[in-house]
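Only heavy atoms go into these numbers, but all of them, side chains included; no hydrogens, no water, no symmetry mates. Residue numbers count from 1 along this sequence.
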Amino acid sequence: MVLLLSLSRDQRGPTSRPLGFYLLRAQGINGGQKARGPVTAASFLQAVVNTQSLWDEMLQNKGLTVIDVYQAWCGPCKAMQTLFRKLKNELNEDELLHFAVYHEILFVDPDEDDGGEAPSESVDQLYCITIIKPDAVTSRKSQEIKQKIIKAGFVIEMEDKRLLTEQQVRDFYHRIADQPDFEEFVLFMTSGLSHILVVSQGNEEQPTLGETRPNPETEDEEIYEDHPAVVIPPGMKKKRDSLQEYLERQHISQFCDVEETVTNVNHFIDVFFPDFKNMKNLKLEKILALLWPALFQEKKEDVLKIIEDEGFKILMQRQIVLSKEEAQTLCKEYENEDYFGKLIEKMTSAPSLALVLVRDHGLQHWKELIGPSSVQKAKESVPESFCAQFAMEGLPINQLYGSDSLEAAEREIQYFFPPQSTLALLKPHLTQEQREEILKLIREAGFEITQMKEMLLNEEEVEKIYSKIKGKDFYQDVLEMLTEGPSLVMVLTRWNAVSDWRRLMGPVEPEEAKLLSPDSIRARFGRSILKNAVHGSSNTYEAMESINRIFEDFVPENPERNLKMERPILKFT
């Protein structure tokens, strides 16, 4: 007798694991051949079936054999653990009940010829969609989750923060739509920003189970804690655990949800990342670049033109006079040279230009573009490099600096461009299409949308944002305009956020904005001085006051945490 038991996703528990299938095969309880080899329960409870001979041997088992088809890559089926343990304890007959794991190998149809080539894996199966929930984004836990995902060997191919629509939430979570608290859950998921990730498995394989010491706390041991772990034969590799399973083991699965079904993943990639197919081969990298004082003063425009011609986008730039400690840290490699003292003096005597650059594979391209650190070496081996082209008389070193790694780039950008937050508001009269266009302009300007929620403002909430004009004659008009429909309220973060957001908004009066700043938001989307599309804080104090009133759980960046310098590179702890 052969029984095929199919377990639904709900039966496998609340996670997004694939469906589980268990094959139960019974040969007469009182008859049949006695099983041989490792498939008997005498040596251990659960066996790995990974060859044709073991499969044939398993078919001769006396009694009942339970085969877990998917455990090798999606973990044990918790819904069946209690049943299996109960069966084992009550029967207490090793020859009547057997457990085995099917390991993807490899039962080959001898009549089928594949030319000796393994079937190719569909590209569609490489990705999953992960949504980090609003509470994790608000508490800034999303960065920790992303770091854990990357550390485990997964690759974040693309990401975005966005305010999910009600329809998007219902679409993504349709499997739990019949739960009694689903409507409350929809409200929660549309209450603030979520972080959307496209994640791939990466190329690394996990070590075989035989190469690692069993951990009694892992869920794989829970079914059979009184038996040794299953050992996969040498040379066989276990596929990486699913992302959902990894998040569960890290105790962070409550903050995010994973969709791994191929059809659904393709659908949500089209919804959230319509340009994914064009962008997935790009590896946009942000780096810090510095033009030392002499080059900045004499050849700035020439250098900036080449930078843009090479495909770099300048996200941010500022002039900065380096301190002696900063200059010594950046020039650590030259400290034993005779000219070191003179070099530090020149680097601290006038402003340098700091740039944040972004480009596909930007880190390596910038290193190739600027060339070696020595002018002599550059002229001999890479004469077309910046180092050779823009050598300054009396200074034998490269007049440009670039981050050594992406990790260093992140620290250096935080140091030279400490983040600042401001409050931004998109007013009720804007259409959804206009909102999307403005959000695109905000991202292109280098702002990070760190918080966002749609609000039908009441009088009390309007006062929190416009407290300084409450006593003005026109305040009642502002109040009526803002309470006539939902507004989109955001926290925008980047270096110099307050003044840069005001510059992007443009003059208060749309007609004036069209004359003085025709590319500004108010020039393009404003209707009148009241319905001028957007609002922003006037200064840093007002920004933090308004943010704290509207986003009570907001955790601001603290640039002071990054101000300690260590050598030999700028490293901030």
Side-chain angles (χ1 to χ4, degrees), residues 123-124 126-130 142-143 146-147 149-151 153-162 195-204 265-266 268-291 301-318 353-372 378 382 384-387 389-390 398 400-414 416-417 419 439-449 493-495 569:
V123 175
D124 292 335
L126 296 177
Y127 306 106
C128 64
I129 294 286
T130 302
S142 57
Q143 188 61 32
K146 287 168 53 182
Q147 289 172 351
I149 290 173
I150 294 170
K151 186 177 180 180
F154 296 94
V155 177
I156 298 176
E157 303 285 351
M158 198 164 290
E159 58 183 291
D160 190 20
K161 284 182 180 177
R162 64 174 62 208
H195 207 145
I196 319 296
L197 311 176
V198 178
V199 181
S200 68
Q201 284 276 351
N203 296 319
E204 297 181 8
V265 168
N266 288 338
F268 290 118
I269 284 178
D270 289 340
V271 170
F272 297 128
F273 304 96
D275 296 327
F276 178 73
K277 292 181 180 178
N278 296 327
M279 296 292 292
K280 67 180 179 180
N281 293 325
L282 294 179
K283 187 180 180 183
L284 296 178
E285 297 173 341
K286 284 196 296 187
I287 61 166
L288 179 89
L290 289 168
L291 279 63
E301 297 304 325
D302 294 339
V303 174
L304 293 184
K305 185 178 186 307
I306 296 176
I307 287 174
E308 293 183 350
D309 290 344
E310 288 291 329
F312 286 97
K313 181 178 180 180
I314 301 175
L315 292 181
M316 294 181 279
Q317 60 178 299
R318 66 178 296 201
L353 181 65
L355 305 168
V356 177
L357 306 178
V358 64
R359 183 191 185 275
D360 178 33
H361 292 84
L363 179 69
Q364 184 59 35
H365 192 72
W366 181 249
K367 287 181 177 181
E368 295 171 356
L369 192 61
I370 63 177
V382 199
E384 70 278 7
S385 66
F386 275 0
C387 183
Q389 289 186 63
F390 297 106
N398 199 329
L400 295 102
Y401 170 84
S403 302
D404 186 59
S405 66
L406 294 179
E407 293 76 14
E410 186 175 353
R411 294 192 299 266
E412 292 165 355
I413 291 170
Q414 288 275 321
F416 287 108
F417 295 87
L439 291 174
K440 182 179 179 181
L441 291 173
I442 288 171
R443 293 187 177 96
E444 289 176 348
F447 289 97
E448 180 187 358
I449 304 174
T493 302
R494 59 161 279 168
W495 173 73
I569 63 170

Practice item. Could you check E308 against K313 for salt bridge (Lys or Arg N to Asp or Glu O under 4.0 Å), going step by step and ending with a plain yes or no? Key: CA-CA 6 Å; E308 293 183 350; K313 181 178 180 180; over 6 Å; no
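- Summarising the geometry, atom NE2 belonging to H365 is positioned 11.5 Å from atom CD1 belonging to I370; distances are rounded to the nearest 0.5 Å.
- Note that CG of L357 is 9.5 Å distant from CG of L369, once rounded to the nearest 0.5 Å.
- Between S403 atom OG and L363 atom CG the span is 7.0 Å, to the nearest 0.5 Å.
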Point to revise | I269 and I129: CA distance, side-chain angles, deciding distance, side chain to side chain contact (heavy atoms under 4.5 Å, CB included) verdict | key: CA-CA 8 Å; I269 284 178; I129 294 286; 3.7 Å; yes
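- R443 approaches K161 most closely through the heavy-atom pair NH2-O, 3.0 Å.
- Scanning both residues, Q389 and E384, for their nearest heavy atoms gives NE2-O, 2.5 Å.
- Between Q364 and the options K367, H361, E368, a side chain to side chain donor-acceptor pair (under 3.5 Å) holds for only E368.
- Under the 4.5 Å side-chain criterion, counting only non-hydrogen atoms from C-beta, F312 is not in contact with V358.
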**Study point:** Test side chain to side chain contact (heavy atoms under 4.5 Å, CB included) applied to W366 and L400, step by step
**Key:** CA-CA 10 Å; W366 181 249; L400 295 102; 3.9 Å; yes
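- With D160 contributing its side chain and I196 its backbone, the two residues share no donor-acceptor pair below 3.5 Å.
- Within the 3.5 Å criterion, the main-chain N or O of L197 finds no donor-acceptor partner in the side chain of E159.
- Counting only heavy atoms from C-beta outward, the side chains of P372 and V382 approach each other to under 4.5 Å.
- Classified by interplanar angle (parallel below 30°, tilted 30° to 60°, perpendicular above 60°), the ring pair F390/F386 is perpendicular.
- Annotation: side chain of T130 is not in contact with side chain of I156 (no heavy-atom distance under 4.5 Å).
- Distance check: R162 CZ to L439 CG gives 9.5 Å after rounding to the nearest 0.5 Å.
- Residues passing the side chain to side chain contact (heavy atoms under 4.5 Å, CB included) test with E410, sequence neighbours excluded: none.
- The minimum heavy-atom distance between A409 and L288, with the atom names listed, is CB-N, 4.4 Å.
- Between V199 and I149 there is a side-chain heavy-atom pair separated by less than 4.5 Å.
- Side-chain contact check for I150 versus V155: every heavy-atom pair is 4.5 Å or farther apart.
- Here the shortest heavy-atom pairing between E285 and G362 reads OE1-N, 3.2 Å.
- Counting only heavy atoms from C-beta outward, the side chains of I413 and K286 approach each other to under 4.5 Å.
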Review point. Do L291 and Y401 pass the side chain to side chain contact (heavy atoms under 4.5 Å, CB included) test, and can you show the C-alpha distance, the side-chain angles, and the key distance before you say yes or no?
Key: CA-CA 7 Å; L291 279 63; Y401 170 84; over 6 Å; no
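- The CG atom of L290 sits 8.0 Å away from atom CG of L353, with the distance rounded to the nearest 0.5 Å.
- When the side chain to side chain contact (heavy atoms under 4.5 Å, CB included) test is applied to D360, the partners found at least two apart in sequence or on another chain are L282, K283, L284.
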**Study point:** Test log, rule ring-ring contact (aromatic ring centres under 6.0 Å, His included), inputs W495 and F416
**Key:** CA-CA 9 Å; W495 173 73; F416 287 108; over 10 Å; no
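- Using a 4.5 Å cut-off on side-chain heavy atoms (C-beta onward), R494 and M316 make contact.
- Here CG of L406 is found 11.0 Å from CZ of R411. Values are rounded to the nearest 0.5 Å.
- Aromatic ring pairs are classed by plane angle as parallel below 30°, tilted from 30° to 60° and perpendicular above 60°; the pair F276 and Y127 is perpendicular.
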